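Being a predicted model, the structure only gives us computed values, none of them experimental.
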Amino acid sequence: MKEKLIEENNFPSRHFTTIKLCADMKDEAARNVLLHSLGLDVDNLVLAKQPHGNNVAIVTKKHKGSFINDCDGLITADKDIMLGVFTADCMPVLMVSKDKSKSAKAVVHAGWKGLASGILINTVKIFKEGFGVNPETLAVYIAPHIKECCYEVSADFGDIFETKLKNCRLNLAAVACKILEKEGVNGIYVSPHCTCCESDLFFSYRRDKTADRMITIVL
């Protein structure tokens, strides 16, 4: 089963993104089969409802095995909890404290709406104010998502994100990096995979208008 996962080694915490061969990860049965095959306890997984907003929920033991409403980001200090988000082009953004004295991790579902409304800023704020984590000690991994090569948008997106578009194509990761760096985060790694280009590996809403989703989990 491990050959069906994308795991980048530049990130200090265990994590993975599924590919199409794992099936639709919004399907609970398929998701549970995957987790069991990896020796992971499904009851430790917490997921978000993902309304494409900017809310980030603090996750504790009482949330284990549940979906949390009205949020696109999850953050916890509990080492036993796994956090996950579903995507099919949007960015899954993982954040982990490298400060061993302050255990905290987060996963964020970040499409253009979430980026524009400040979900990454909100997440860093919770790391600082809720967990005492200095942004300079955060490691960030932006998992597979739609890349600039495929993400054609209207011209006003340049104004929304204060960036120059190349042939009306938006680089989501570049926008995310700019936001995070302004917040004091500098340890950022971006996956080279494009969910839209790599049709053999990934579901893509932009390419196929599919309802199927991958899952990205930080353990």
Side-chain angles (χ1 to χ4, degrees), residues 1-9 11-88 90-111 114 119 122-123 126-127 130-133 138-145 191 202-203 210-219:
M1 184 62 75
K2 287 187 177 180
E3 67 274 11
K4 299 180 182 179
L5 307 175
I6 302 294
E7 299 175 275
E8 304 288 2
N9 296 324
F11 196 63
S13 185
R14 290 180 62 204
H15 67 283
F16 61 83
T17 299
T18 59
I19 63 173
K20 287 168 68 173
L21 287 174
C22 296
D24 176 15
M25 287 293 100
K26 292 187 79 174
D27 182 301
E28 183 179 8
R31 190 169 67 244
N32 288 349
V33 167
L34 171 74
L35 294 176
H36 284 309
S37 73
L38 296 172
L40 300 174
D41 187 346
V42 298
D43 293 330
N44 286 337
L45 178 63
V46 179
L47 301 164
K49 286 291 187 179
Q50 303 179 202
H52 290 270
N54 64 2
N55 289 334
V56 181
I58 295 176
V59 178
T60 62
K61 284 182 172 59
K62 70 179 181 181
H63 299 109
K64 281 187 173 185
S66 70
F67 279 83
I68 299 182
N69 289 321
D70 193 30
C71 72
D72 283 76
L74 303 167
I75 186 168
T76 188
D78 192 321
K79 293 181 180 180
D80 294 328
I81 289 175
M82 301 182 292
L83 304 175
V85 289
F86 301 110
T87 58
C90 290
M91 289 187 300
V93 183
L94 309 184
M95 303 186 194
V96 171
S97 170
K98 294 183 289 185
D99 184 343
K100 294 181 180 179
S101 68
K102 295 181 174 66
S103 173
K105 59 190 175 187
V107 63
V108 176
H109 165 254
I119 191 166
N122 292 349
T123 307
I126 295 174
F127 269 108
F131 298 94
V133 175
L138 285 175
V140 175
Y141 168 55
I142 299 176
H145 61 281
S191 172
F202 302 109
F203 298 120
T210 181
D212 293 345
R213 296 291 182 268
M214 287 84 68
I215 193 170
T216 296
I217 292 177
V218 60
L219 283 67

#### Entry: Stepwise side chain to side chain contact (heavy atoms under 4.5 Å, CB included) test for E7 and R14
CA-CA 8 Å; E7 299 175 275; R14 290 180 62 204; over 6 Å; no

### Task
Start with the C-alpha distance between V85 and V108, add both sets of side-chain angles, then the distance that settles side chain to side chain contact (heavy atoms under 4.5 Å, CB included), and finish with yes or no.
CA-CA 7 Å; V85 289; V108 176; over 6 Å; no

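Annotation: side chain of F202 is in contact with side chain of P144 (closest heavy-atom distance under 4.5 Å). Using a 4.5 Å heavy-atom threshold, the side chains of D78 and V59 count as separate. The closest side-chain heavy-atom distance from V56 to I119 is below 4.5 Å. Within the 4.5 Å cutoff, the side chain of V93 has no heavy atoms near those of the Y141 side chain.
For residues 53-87, there are no ring-ring contact (aromatic ring centres under 6.0 Å, His included) pairs, not counting sequence neighbours. Here salt bridge (Lys or Arg N to Asp or Glu O under 4.0 Å) pairs that include residues 44-54, with residues two or more places apart or in two chains, number zero. Residue pairs satisfying the side chain to side chain donor-acceptor pair (under 3.5 Å) criterion with at least one member in residues 22-35, sequence neighbours excluded, are absent. Among pairs with a residue in residues 25-50, none fulfils ring-ring contact (aromatic ring centres under 6.0 Å, His included), at least two apart in sequence or across chains. A salt bridge (Lys or Arg N to Asp or Glu O under 4.0 Å) check over residues 98-107, counting only residues at least two apart or in different chains, returns the pairs D99-K102.
Summarising the geometry, atom CZ belonging to F127 is positioned 5.0 Å from atom CG belonging to L138; distances are rounded to the nearest 0.5 Å. Atom CG of residue L21 and atom CG of residue L5 lie 10.5 Å apart, to the nearest 0.5 angstrom. For the atom pair CE (M82) and CG (L35), the distance works out to 5.0 Å, reported to the nearest 0.5 Å.
Judged as a side-chain hydrogen bond (donor to acceptor under 3.5 Å, both in side chains), and not counting sequence neighbours, T18 has no contacts. Judged as a side chain to side chain contact (heavy atoms under 4.5 Å, CB included), and not counting sequence neighbours, the contacts of C71 are A48, N55, A57, I68, L74. In this structure, the side-chain hydrogen bond (donor to acceptor under 3.5 Å, both in side chains) partners of H109, at least two apart in sequence or on a different chain, are D72. Applying the side chain to side chain contact (heavy atoms under 4.5 Å, CB included) test to S103 and every residue at least two apart in sequence or in another chain returns K79. In terms of the ring pair (Phe, Tyr, Trp, His ring centres under 6.0 Å) criterion, F16 has no residue partners (sequence neighbours excluded). H145 pairs by the ring pair (Phe, Tyr, Trp, His ring centres under 6.0 Å) definition with nothing, not counting sequence neighbours.
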Return a table of donor-acceptor pairs under 3.5 angstrom between the side chains of residues 38-45 and protein atoms on other chains or two or more places apart.
from	atom 1	to	atom 2	distance (Å)
D41	OD1	D43	N	2.9
N44	OD1	K64	NZ	3.3

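The two residues G84 and L47 make their nearest non-hydrogen contact at O-CD2, 3.4 Å. Among all heavy-atom pairs drawn from C22 and L34, the shortest one is SG-CD1, 4.1 Å. The two residues E8 and S191 come nearest to each other via the heavy atoms OE2-OG, 3.4 Å.
Using modelled atom types, no side-chain atom of D212 and backbone atom of F203 make a donor-acceptor pair closer than 3.5 Å.
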